[in-house]
Structures are given as structure tokens and as C-alpha cells.
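One structure below.
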Amino acid sequence: HAGLEVFEGDLPQLADELRVLGTDRAAVSWIDPAALVRPDEVVERLGNAARAAARLGVRLGFHNHWTEPVRPDGEPSFLDLLRRLPAGLLWLELDLGWVWQAGVDPASELERTAGQCPLVHVKDYVSRGARDDIPVGEGIVGYERLLPVALAAGAEWLIVEQDEAGSDPFDATRRSLDGVRRILGSA
């Protein structure tokens, strides 16, 4: 993950770092919601960065938060606009917890992004509207329904994310892994 500015200004160095790490994927980690008042400009910047990245052998992705899946006044969401870019140019790292927090159905987003979301973040919550994340499978996001949809949409990796892991992050990690395994039926 890196900011869009890194892809626009320090791409050769980032490409070298990715090669050292043994990967060719990198994702834009955050777009300031204030920038989304001009979504077409941001999409153009992302498209240009993705083309430049591709020339250096880097596959560029985008990680969403709570603002990008929302459809303002019936207009397309920012994620909808990104899906209009040419196939294969930009992949999406859907964060299902943030999609759910935005009040948007994560399963619908996955289905609309099938084949374009190789990495999927799974984050569970106690409630909507608060930042009370807990281990996957212990909250109310509904991963029993979502994880099979993510795999059907082409997810290669399910990335557990828990911003606040409490006093024992290793226990939270184990509980999330156990939850994902239970949901997918692979103990």
C-alpha cells in the first residue's frame, strides 16, 4: 500500500522495492474523501498511474474505505467509476468491512467486481457506524454469506484486517483464522 502521490512521483523506486519483495502488485491505500468531489479527475489520475506502473511491470490496485462505495444522489459510486477503466488496468482490493460500514451490500460489490478483486480485506464489526472491529466471524457483517461470494468473484487472498486487536493481537489473529476456516469449512 502506498499513496497515489508515490505512484505518480516515485514509481521506479517503488517498482524496485516490489521486485525485492517478490511481488508485482501494489495498491493505492487511501484517497482523501475531499478529493472525491471531483471523482473523474481522481479516476484519470489512477488510470494514468496504472498505465505508468504497467510499463514498469507493476499491477496497480485500489483499496477502498467507507466513502468509495456510496452512490451520491443516485450517481455512480467511485468504485463504479473505477470499474469503467479498461479491463486489466486496475484491480480492486475490496475492503468488505468498509463497504458494509458504508451501508452498501458487500456481496453486490463483489459480484460487480468479479475477476477484478484478487485481494479482499475481511474486517468484522460489532455494530454499524462505530469502529468496533472484532475477529472475523464474531461480528455482524455476515461473512458466512460473503466469503463464498468473494472466492466466486476470484479472490486469491482473503486478508484479515482488525484495526483494534485489543491487548492480545495474537489471540485476535488466531480467532479470525479460526473464524475464516470455520466459515469455509476447512478446520
Side-chain angles (χ1 to χ4, degrees), residues 1-18 21 23-56 58-106 108-110 112-113 116-133 139 141 146 150 153 155 157-165:
H1 283 185
L4 180 54
E5 299 76 22
V6 172
F7 292 97
E8 292 174 320
D10 294 325
L11 188 55
Q13 179 179 341
L14 179 63
D16 288 342
E17 290 174 16
L18 292 171
L21 294 171
T23 187
D24 65 349
R25 280 192 185 132
V28 173
S29 57
W30 168 259
I31 296 290
D32 185 337
L36 297 180
V37 297
R38 294 192 145 115
D40 293 330
E41 291 176 15
V42 180
V43 170
E44 183 177 349
R45 287 177 64 198
L46 281 164
N48 290 338
R51 283 185 275 282
R55 287 191 290 275
L56 294 177
V58 174
R59 294 183 288 169
L60 183 65
F62 178 78
H63 175 85
N64 69 278
H65 290 81
W66 64 93
T67 55
E68 295 91 356
V70 174
R71 290 179 177 79
D73 300 321
E75 295 292 318
S77 72
F78 186 70
L79 291 179
D80 291 332
L81 297 176
L82 291 179
R83 284 188 280 259
R84 292 179 183 171
L85 289 171
L89 182 62
L90 182 81
W91 53 273
L92 296 178
E93 183 179 50
L94 289 180
D95 186 316
L96 304 182
W98 282 129
V99 170
W100 181 84
Q101 282 288 3
V104 175
D105 178 27
S108 296
E109 288 298 314
L110 284 164
R112 294 171 52 220
T113 312
Q116 293 178 269
C117 55
L119 309 181
V120 173
H121 277 224
V122 293
K123 183 185 324 182
D124 218 339
Y125 291 96
V126 173
S127 63
R128 185 174 270 139
R131 297 209 176 167
D132 52 5
D133 51 329
V141 172
L146 296 176
W157 288 86
L158 300 172
I159 302 168
V160 171
E161 181 179 19
Q162 187 173 344
D163 296 328
E164 300 297 327

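Everything numeric in this text was worked out from a predicted model, so none of it was measured.
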On a heavy-atom basis, the closest approach of Ala102 and Val70 is CB-CG2, 3.8 Å
Minimum heavy-atom separation for Phe62 to Ala27, with atom names?
N-CB, 4.3 Å
Any donor-acceptor pair under 3.5 Å linking the side chain of Gln101 with the backbone of Gly129?
yes
Quick one: closest heavy-atom pair of Glu68 and His65, and the distance?
OE1-N, 2.6 Å
Between Asn48 and Arg45, do the side chains contain a donor N or O and an acceptor N or O under 3.5 Å apart?
no
May I ask you to decide if Asn64's main-chain N or O and Trp98's side chain share a donor-acceptor pair within less than 3.5 Å?
no
Using side-chain contact (heavy atoms from CB on, under 4.5 Å) as the criterion, point out the one residue from Leu90, Leu36, Leu85 that pairs with Val43.
Leu85
I need the minimum non-hydrogen distance between Glu164 and Asp133, along with the two atoms involved.
N-OD2, 3.5 Å
Decide yes or no for Arg83 and Leu92: does some side-chain heavy atom of the first lie under 4.5 Å from some side-chain heavy atom of the second?
yes
Say you draw a straight line from CG of Asp105 to CG of Leu96; how long is it, rounded to the nearest 0.5 Å?
10.0 Å
Regarding Arg128 and the six-membered ring of Trp66, is the cationic atom NZ or CZ under 6.0 Å from the ring centre and inside 45° of its axis?
no
About how many Å separate NE2 of His63 and NE2 of His121, when rounded to the nearest 0.5 Å?
5.0 Å
Under a 3.5 Å distance rule, please check whether Asp124 uses its side chain to pair with a backbone N or O of Val141 as donor and acceptor.
yes
Going by heavy atoms in the side chains, are Glu75 and Pro39 under 4.5 Å from each other?
no
Going by heavy atoms in the side chains, are Leu79 and Thr113 under 4.5 Å from each other?
no
Pairwise distance CG(Asp10) to CG(Asp16) - rounded to 0.5 angstrom
11.5 Å
Do the non-hydrogen side-chain atoms of Pro118 and Arg59 ever get within less than 4.5 Å of each other?
no
With a 4.5 Å limit on heavy-atom distance, are the side chains of Phe78 and Thr67 in contact?
no
So do Cys117 and Leu110 actually touch side chain to side chain, heavy atoms under 4.5 Å?
yes
More than 12 heavy atoms of other groups within 6.0 Å of Glu8 CD
yes
To check you understand the geometry: which heavy-atom pair defines the closest contact between Ala26 and Leu14, and what is its length?
CB-CD2, 4.4 Å
Derivation and outcome, salt bridge (charged side-chain N to carboxylate O under 4.0 Å, His left out), residues Glu109 and Arg71
CA-CA 12 Å; Glu109 288 298 314; Arg71 290 179 177 79; 3.7 Å; yes
Rounded to the nearest 0.5 Å, what separates atom CG in Leu4 from atom CH2 in Trp30?
13.5 Å
Output yes when a side-chain donor or acceptor of Asp95 lies under 3.5 Å from a complementary backbone atom of Gly97, and no otherwise.
yes
Which distance, rounded to the nearest 0.5 Å, do you find between the CD of Glu93 and the CZ of Arg25?
9.5 Å
Mind listing the closest non-hydrogen atom pair of Lys123 and Asp163 along with its distance?
NZ-OD2, 3.5 Å
